[in-house]
Participant: 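Structure incoming, see below.
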Amino acid sequence: GRPANIGAEAFVAVWSKSNSLDDVIKAFKVTRDMDPADAKNYASVRASMLRAKGFSVKQFTRGRKPSAKPVTDKPTA
């Protein structure tokens, strides 16, 4: 295949320190210059491929973060 835009070791190091996919994208000029949807796709596929090759790449939580429950002033009986 074609050479990777970002080296495996550098990608894994940044991914490990990040808290979200957006953090990873902001860390690399290559992904900052891409369309946001393409950058997210590139980063997630790159992480998946590195996991398949045996690199230890954490998985971020999926889906939306749960919203905080509203505080009510009603006493509970």
Side-chain angles (χ1 to χ4, degrees):
R2 68 173 209 217
N5 292 334
I6 303 167
E9 290 79 17
F11 187 87
V12 171
V14 169
W15 189 279
S16 298
K17 294 176 187 175
S18 299
N19 294 318
S20 71
L21 194 53
D22 290 329
D23 292 345
V24 175
I25 292 166
K26 291 175 188 172
F28 293 108
K29 182 177 182 351
V30 171
T31 53
R32 285 193 309 262
D33 292 344
M34 290 180 182
D35 175 68
D38 290 342
K40 285 185 177 188
N41 187 46
Y42 172 82
S44 62
V45 168
R46 181 86 169 121
S48 177
M49 297 306 287
L50 289 171
R51 277 188 213 101
K53 290 182 179 181
F55 286 88
S56 178
V57 181
K58 71 178 179 180
Q59 292 190 347
F60 295 128
T61 55
R62 294 184 177 154
R64 294 175 54 175
K65 294 179 182 173
S67 60
K69 296 195 179 212
V71 178
T72 59
D73 292 335
K74 294 182 188 177
T76 54

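What you see below is based on every heavy atom in this structure, not just the backbone, and it leaves out hydrogens, waters and symmetry mates.
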Participant: Please name the pair of heavy atoms, one in Ala27 and one in Val14, separated by the smallest distance, quoted to 0.1 Å.
Facilitator: CB-CG1, 3.4 Å
Participant: Should we say atom CE of Met49 is surrounded by more than 12 heavy atoms from elsewhere, each under 6.0 Å from it?
Facilitator: no
Participant: What's the separation between atom NZ in Lys40 and atom CG in Asp35, rounded to the nearest 0.5 Å?
Facilitator: 10.5 Å
Participant: Under 3.5 Å, is there a donor-acceptor pair between the side chain of Asp23 and the main chain of Asn19?
Facilitator: yes
Participant: Can you see which heavy atom on Lys58 is nearest to which on Arg51, and at what distance?
Facilitator: O-NH2, 3.0 Å
Participant: Mark yes or no for whether Trp15, through its side chain, and Val24, through its backbone, hold a donor-acceptor pair below 3.5 Å.
Facilitator: no
Participant: Tell me, do Ser18 and Phe60 make a side-chain contact under 4.5 Å, heavy atoms counted?
Facilitator: yes
Participant: Could you give the distance from CG (Asn41) to OG1 (Thr31), rounded to the nearest 0.5 Å?
Facilitator: 12.5 Å
Participant: Taking all non-hydrogen atoms of both residues, which atom of Val57 and which atom of Val12 are closest, and how far apart?
Facilitator: CG2-CG2, 3.8 Å
Participant: CD of Gln59 to OG of Ser48: how many Å apart, nearest 0.5 Å?
Facilitator: 8.5 Å
Participant: Would you say Tyr42 and Asp38 make side-chain contact, with heavy atoms under 4.5 Å?
Facilitator: no
